[in-house]
Number of protein chains: 2
Amino acid sequence: MNLKAERGAATRDRVLTVARRLFAEQGYEGTSIETVLQETGLSRGALYHHYSGKDALFEAVLEQVETSVGVRLMEAVKGIADPAEALVTGCLAWVRMARDPATRRIVLIDAPAVLGWERWRALEERHAFGMLKAALRATGRVPKEALDVYAHMLLAAINESVLLVARGNELEGAERAVEDFLHRLLRP
Amino acid sequence: MNLKAERGAATRDRVLTVARRLFAEQGYEGTSIETVLQETGLSRGALYHHYSGKDALFEAVLEQVETSVGVRLMEAVKGIADPAEALVTGCLAWVRMARDPATRRIVLIDAPAVLGWERWRALEERHAFGMLKAALRATGRVPKEALDVYAHMLLAAINESVLLVARGNELEGAERAVEDFLHRLLRP
DNA sequence: CCTCCAAACAAACCGACTGTCGGTCTGGAA
DNA sequence: TTCCAGACCGACAGTCGGTTTGTTTGGAGG
C-alpha cells in the first residue's frame with residue numbers, strides 16, 4: 001500500500017500548489033474549481049475524492065501557509081532570551097513575511113470570510129496567534145485576565161500594518177511604527 | 001420627471017433593505033441574487049438596471065450601514081471638548097454599536113473580501129476611519145508622520161475586540177480592555 | 001498465483017446561480 | 001401628439017459547485 005498512498009499524497013500536493021497560487025492571485029471567489037482542474041489536469045472526481053469541497057480545499061491551503069509561516073517565525077526568534085525582545089522580533093519577522101501577496105490575500109483577506117470568524121480563529125490559535133499569545137504572556141507586562149483580548153488586538157493591529165505596507169507605503173516606516181506601537185503597549 | 005425618479009428610489013430602497021438583511025444573515029456568498037428577487041418581488045432586469053452586479057449591491061448596502069454608523073458616532077461624541085476623551089468615547093460607542101450582528105458580518109467580515117482591501121479602505125476612509133484619524137490627530141499624541149499607520153492599527157485592534165465580544169466574551173471586559181489599550185497608546 | 005476490496009481517478013450529469021439581451025410600458029419633455 | 005429615456009420584464013446562455021456512476025489498479029489475504 002505504498003505506491004498508492006504516495007500517488008495520492010503527490011496528487012494532493014499538486015492540487016495544493018496550484019490552488020494556493022490561484023487563491024493568492026484571484027482570491028477565493030475569483031478562482032473556480034474548474035480552473036484548478038484544468039491547471040492540474042485532474043478530473044472532478046479525483047479532486048473531490050481528496051477534498052470535500054472548495055472551502056475544504058481553501059482550508060488545506062491556508063493550513064499549509066500558516067504552518068510555513070510558523071516554522072519561519074520560530075527560526076526568527078530562536079535564541080532570543082528576553083521575552084519582550086522576542087515578541088518584537090517575531091512581530092517584525094511576520095511583517096516582513098507578509099510582504100508576500102499570497103500570504104496576505106489568503107491569510108488576512110479571504111480566510112475570515114471563507115471559514116467564518118470562529119473557524120478562522122480556531123486555526124489561528126494553533127499557529128501564529130498561539131505563538132503571539134505565549135510571547136505576550138512571557139513578557140509579564142499584561143494582566144493575565146486581559147491577555148486574550150490584548151493578544152487579539154495586537155495581532156489585528158500588526159496584520160493591518162502589513163496590509164498598509166502592501167498598499168505601497170514603504171516597509172521601513174511601517175516597521176518603525178510597529179516597533180513603536182509595541183513599545184508603547186508594553187511599557188510597564 | 002418626479003414620479004419616475006421617486007419610483008426608482010423607492011425600488012432601490014426596497015432592494016437595499018432586503019439585501020442588507022440577507023447579507024447580514026447569510027453572508028455575501030450565502031446570499032443569492034435569486035433570493036433577493038424573490039423577497040423583493042422584483043424582476044432580474046429591474047435589479048440589474050439599478051445595480052450593476054452582486055458586488056455593487058453589496059457595496060451599496062455597506063455604504064448605507066457605514067453612513068448610519070457615522071451619524072450615530074457623531075451624536076455620541078458631540079459636545080465633548082477634550083480630543084482624547086472624544087476619541088475614547090467614540091471608540092466605545094463603536095464597540096457597542098457593532099454588537100449588532102448585521103454590522104459585524106457586513107462591515108468587518110465580508111467587506112474586505114468582497115470589495116478587496118483597496119476599495120474597502122477607500123470607503124472606510126470616507127466614514128469611520130476618517131473620523132478616527134481626525135480624532136487621533138486632534139489629540140496631538142501621535143507624531144504626524146505616523147498618524148496614518150497608527151490610525152489603521154488602532155481601528156483594526158478595536159474592530160478585532162468587537163469580534164471577540166461577539167464570540168461570547170462579556171461586553172464590559174472588552175470595553176475595559178479597549179479603554180486600557182487606548183490609554184496605553186495615548187500616554188505622552 | 002488468483003481473488004477481491006478499496007483507493008484513485010474519470011466523465012457525464014444536475015441544480016442553482018450570475019449576468020445579458022431584446023423587448024414593453026409609461027411619465028413627462030418638446 | 002410625438003417621442004425618448006428611465007423603469008421594468010422574463011427568457012436565455014454560460015458557469016460553477018457538487019453528485020453519481022463507472023473504471024482502473026495496487027496490493028493484501030487466501
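We name chains A, B, ... by the order of the sequence lines, and we start the count at 1 in each one. The shown structure was predicted, so the numbers you read here are calculated from the model rather than taken from an experiment.
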Counting side-chain heavy atoms from CB outward, which of dG19(C), dA10(C), dG6(D) is closest to His49(B)? dG6(D)
Proximity to the side chain of Leu42(B) - top-ranked nucleotide from dC9(D), dC17(C), dC9(C): dC9(D)
Parallel, tilted or perpendicular: which one describes the rings of Tyr28(A) and Phe58(A), with boundaries at 30° and 60°? perpendicular
Identify whether any heavy atom of Thr40(A) sits under 4.0 Å from a base atom; if not, whether one sits that close to sugar-phosphate; answer base, sugar-phosphate or nothing. nothing
[atom1] of [X] versus [atom2] of [N]: gap in Å, rounded?
X	N	atom1	atom2	result
Tyr51(B)	dG19(C)	OH	P	15 Å
Glu34(A)	dA11(C)	CD	C1'	12 Å
Gln38(A)	dC16(D)	CD	P	9 Å
Lys54(A)	dA16(C)	NZ	P	19 Å
Ile33(A)	dC17(C)	CD1	P	18 Å
Leu37(B)	dA16(C)	CG	C1'	13 Å
Glu6(B)	dA7(D)	CD	C1'	14 Å
His50(A)	dA6(C)	NE2	C1'	13 Å

Quick check: does any side chain N or O of Arg20(B) sit under 3.5 Å from a backbone N or O of Val61(B), one acting as donor and the other as acceptor? no
For Asp55(A) and for Gly41(B), find the nucleotide of DNA chain D with the closest heavy atom, then tell me which residue's nucleotide is more 5'. Gly41(B)
Contacts satisfying side-chain hydrogen bond (donor to acceptor under 3.5 Å, both in side chains) that involve residues 72-94 of chain B (not counting sequence neighbours) are Ser68(B)-Arg72(B), Trp94(B)-Asn159(B)
Counterpart residues, side-chain hydrogen bond (donor to acceptor under 3.5 Å, both in side chains), relative to Asp55(A) (two or more places apart): none
Contacts of type side-chain hydrogen bond (donor to acceptor under 3.5 Å, both in side chains), residue Thr17(B), not counting sequence neighbours: none
Looking at Ser43(B), does any N or O in its side chain come under 4.0 Å of the phosphate oxygens OP1/OP2 on dC8(D)? no
What one-letter contact string describes nucleotides 19-24 of chain D from 5' to 3', where B marks a base within less than 4.0 Å of any protein heavy atom, S marks contact via sugar-phosphate atoms alone, and - marks no contact? B-----
Stepwise side chain to side chain contact (heavy atoms under 4.5 Å, CB included) check, Phe23(A) with Leu62(A): CA-CA 10 Å; Phe23(A) 282 143; Leu62(A) 179 61; over 6 Å; no
Taking salt bridge (charged side-chain N to carboxylate O under 4.0 Å, His left out) as the cut-off, I'd like each qualifying pair that reaches into residues 21-42 of chain B, sequence neighbours left out, listed once. Arg21(B)-Glu25(B), Arg21(B)-Glu39(B), Glu34(B)-Arg44(B)
Tell me, which of residues 13-27 of chain A have any heavy atom that sits under 4.0 Å from an atom in DNA chain D? none
